[in-house]
Amino acid sequence: MKKKHLFWLLLPSYWVLTAVAIIVIALYAFHSMSNLYFQALEKDIHTRAVLLSSQVLPLMEEQRFAEIDALCKNLGMAADTRFTIIMPDGKVVGDSDERPDVMEYHDDRPEIRQALGGDMGIDTRYSRTVKQEMMYIAVPLKSPNDETLCAVRASLPMTDIKAELNTMTMRVIAAAILTGILSMIVCIIVVRRITYPLRGMERAARKFAEGDFSHRIPAQPALELDQLADSLNTMSEQLNKTLSTISEQRNEQNAVLSSMDEGVLAIDKRERIIHMNRVAGEILGVDHHTTKRQLIQSVVRFANLQEFIKALLGSQRPLDRDLTLIGDTEKQVQASGTVLLNAERESIGALVVLRDVTQLRHLETVRSDFVANVSHELKTPITSIKGFVETLLSDDWNHEPDILRFLEIINQQSGRLNAIIDDLLTLSRLEQKEGHVMVETVALHGIIETAIYLCQLQAGKKNIRIDSVCPESLELTVNAPLIEQALVNLIINAVKYSDPDKKILILAEKQENSVVIYVKDEGFGIERKHQDRLFERFYRVDTARSRKLGGTGLGLSIVKHIIQSHAGSIRVDSKVGSGSTFIITLPLQEATEPHPE
Ligand code: ADP
């Protein structure tokens, strides 16, 4: 529908309203005036008839009809009125304009019939006698004994009054037209006064919508419009403030996101990109400015990342994954995904943080290779030093006590060095094999028994008993020698860090989709502050004690690596003075084809 301006909507109705009002007033005025004129004429004729009656009465009583006729003619001439005297039978006995004897009987005239009936009679009609429109008023002339003697009729032509009325009508019409024109002009002014400020406000509102908040609507004379202007101005101020805050926040957010070292990628539920920061663009090799609202598949070409995002959106749970992105160059990326929530804490998609760890991984490899190479290089000389020292310590040599003491120290320290090198080599091997260990399905019971057997000698020296509880049917798909070594490390630690005559318990059980192994001792326990760092390389709670007991500081690192290479986890639960429990969780999985080592 075509929209009209408010001005053109209001104006016609104002005009119609005023036109109707003017017409009604004009008609009413015309009607009242004509009534007034007719009433005045009626009264005038009636008075003339009554005056004539008083003069006709004595003549009528004596039947002097000729005099009556003469009276009519005289008075009619003098008063410019037509007078007629009609007898009850309708016979005309006097008339101001005509000879009565030539006149027809007037008993059929309505005003005469009424007057002869005793009332005043009135009629207006065309008179054939005087040949014009006339008003007739007839009054009964009564004798003293109330007998109707005749009807006295006076009449005046309507021509004057009609002419008068016509003039008046013309004046009323002229006045109405003038008032109409004036009213129309006034209407235009009034409607303009209503619509003009509204148009101003509409223009201002449009400016606000276009973001020009500097504009202000001036004060308005009408209270309601002034309040509206005030509200619009306040709204604009508020909008300005809110938009400034939002834009500030957005700038801050953008600054934070673009100065982050990590790549940030926000995706909605329909897999469209909500935001990608600069670093994410660099990692994925795309221009982050052009990716907004685009489907992730059309921007990110890496199948493994696409699959990660799909899994993240599908699971609606946090996910972490190491990804190798093979493009122009190969990148190692750590992806951490989480659910993206809106202000109402409803999920609206997913947020992925990408960390380029290519350099880190490279350094790790360099470090790992370096440690492996150094260990390899050191292994041969230390083995030969140890061999010669052991030879020198044999009974064939008769050493001075001091030399013997020095040789024993050399032997002890080279033994420690040898143990450290062995552990470092073990760790290197484990690092190289990470995720590629050869597995087979074996009975856990057997592994535990072998581990206990290997530690028995050392435990026996301190009179420590080792018990185990493990269902014989419990089978695991693992690399048995590695799990065995992990258990040996834990049991040896339990022996080392316990007083003599204590007990060690190894407990294994199946829990849902995993097997949990507890290695529990009654030893010294570990303070809470050390527990998180226990599995780091060379981390010791008490270095001196560890060294004295022949520890390398690598035992728990090796355990952690072994368990991780089986996709398991290890934690410690310990209290100083009460003992420690190391808890290993290994996932239950089907046997897979053994990987070549
Ligand atoms: P170490 O060769 O020194 O034993 P580990 O990596 O095996 O090195 O252990 C790290 C440290 O953890 C040890 O130095 C020791 O202080 C503490 N620890 C390990 N196992 C136990 C245990 N069962 N009871 C108390 N402390 C332990």
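One-based numbering, in listed order, for ligands and for the atoms of each.
Atom 4 (O) of ligand 1 has its closest protein heavy atom at Tyr497 OH, 2.8 Å. From the protein, the heavy atom lying nearest to atom 23 (N) of ligand 1 is Asp521 OD2, 2.9 Å. Considering only non-hydrogen protein atoms, atom 5 (P) of ligand 1 sits nearest to Leu556 N, 3.6 Å. The protein atom (non-hydrogen) at minimum distance from atom 19 (C) of ligand 1 is Asn493 ND2, 3.5 Å. Looking from atom 3 (O) of ligand 1 to the surrounding protein, the closest heavy atom is Ser546 OG, 2.5 Å.
For the pairing with Glu431, the salt bridge (charged side-chain N to carboxylate O under 4.0 Å, His left out) check across Arg361, Lys560, Arg537 returns one residue only, Arg537. Evaluated for a side chain to side chain donor-acceptor pair (under 3.5 Å) with Gln334, the options Arg321, Glu262, Arg355 yield exactly one hit, Arg355.
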Exercise for the section: Go through the steps to decide whether Ile562 and Ile483 satisfy the test side-chain contact (heavy atoms from CB on, under 4.5 Å), and finish with yes or no. Expected result: CA-CA 7 Å; Ile562 293 173; Ile483 298 294; 4.2 Å; yes
Exercise for the section: Might you work through the side-chain contact (heavy atoms from CB on, under 4.5 Å) test for Lys386 and Asn411, ending with a clear yes or no? Expected result: CA-CA 6 Å; Lys386 209 170 154 23; Asn411 186 33; 3.5 Å; yes
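Under a 4.0 Å heavy-atom criterion, Tyr539 is in contact with ligand 1. Residue contact check for ligand 1: Gly553 places a non-hydrogen atom closer than 4.0 Å to it. For His530, the heavy-atom gap to ligand 1 stays at 4.0 angstrom or more.
Contacts between Leu549 and ligand 1 below 4.0 angstrom, taking non-hydrogen atoms only, are absent altogether.
Between Ser557 and ligand 1, no pair of N/O atoms sits closer than 3.5 Å. Considering backbone and side-chain N/O atoms, Phe582 never comes within less than 3.5 Å of an N/O atom of ligand 1. An N or O contact shorter than 3.5 Å is missing between Gly551 and ligand 1 by distance.
A donor-acceptor contact shorter than 3.5 Å links the side chain of Thr234 to the backbone of Asp230. Between the side chain of Asn373 and the main chain of Asp369, a donor-acceptor pair closer than 3.5 Å is present. Judged by distance alone, with hydrogens and angles left aside, the side-chain atoms of Lys520 form no donor-acceptor pair with the main-chain N or O of Phe582 at under 3.5 Å.
The option from Val541, Ile558, Ile526 that lies nearest to atom 26 (N) of ligand 1, judged by heavy atoms, is Ile526.
Ionic pairing of Arg533 and Glu536 is present here: one or more N-O contacts between side-chain nitrogen and carboxylate oxygen are shorter than 4.0 angstrom.
Looking at Lys510 and Pro471, their side chains never come closer than 4.5 Å, going by heavy atoms from C-beta outward.
Counting atoms of ligand 1 from 1 in the listed order, those under 4.0 Å from a heavy atom of Ala494 are 23 (N). Close approach of ligand 1 to Leu534 is summarised as follows: ligand atoms under 4.0 Å from at least one heavy atom of the residue are 12 (O). Per-residue contacts place Gly555 under 4.0 angstrom from the following atoms of ligand 1 (heavy atoms of the residue considered): 5 (P), 6 (O), 7 (O). Annotation for ligand 1: atoms under 4.0 Å from non-hydrogen atoms of Ser580 are 24 (N). Of all atoms in ligand 1, numbered sequentially from 1 with element shown, those under 4.0 Å from a heavy atom of Lys496 are 1 (P), 2 (O), 4 (O).
Both the sub-6.0 Å distance and the 45° axial angle are not jointly satisfied by Arg545 relative to the ring of Tyr497.
Residue pairs meeting the side-chain hydrogen bond (donor to acceptor under 3.5 Å, both in side chains) criterion with at least one partner in residues 199-209, sequence neighbours excluded, are Glu202-Arg206.
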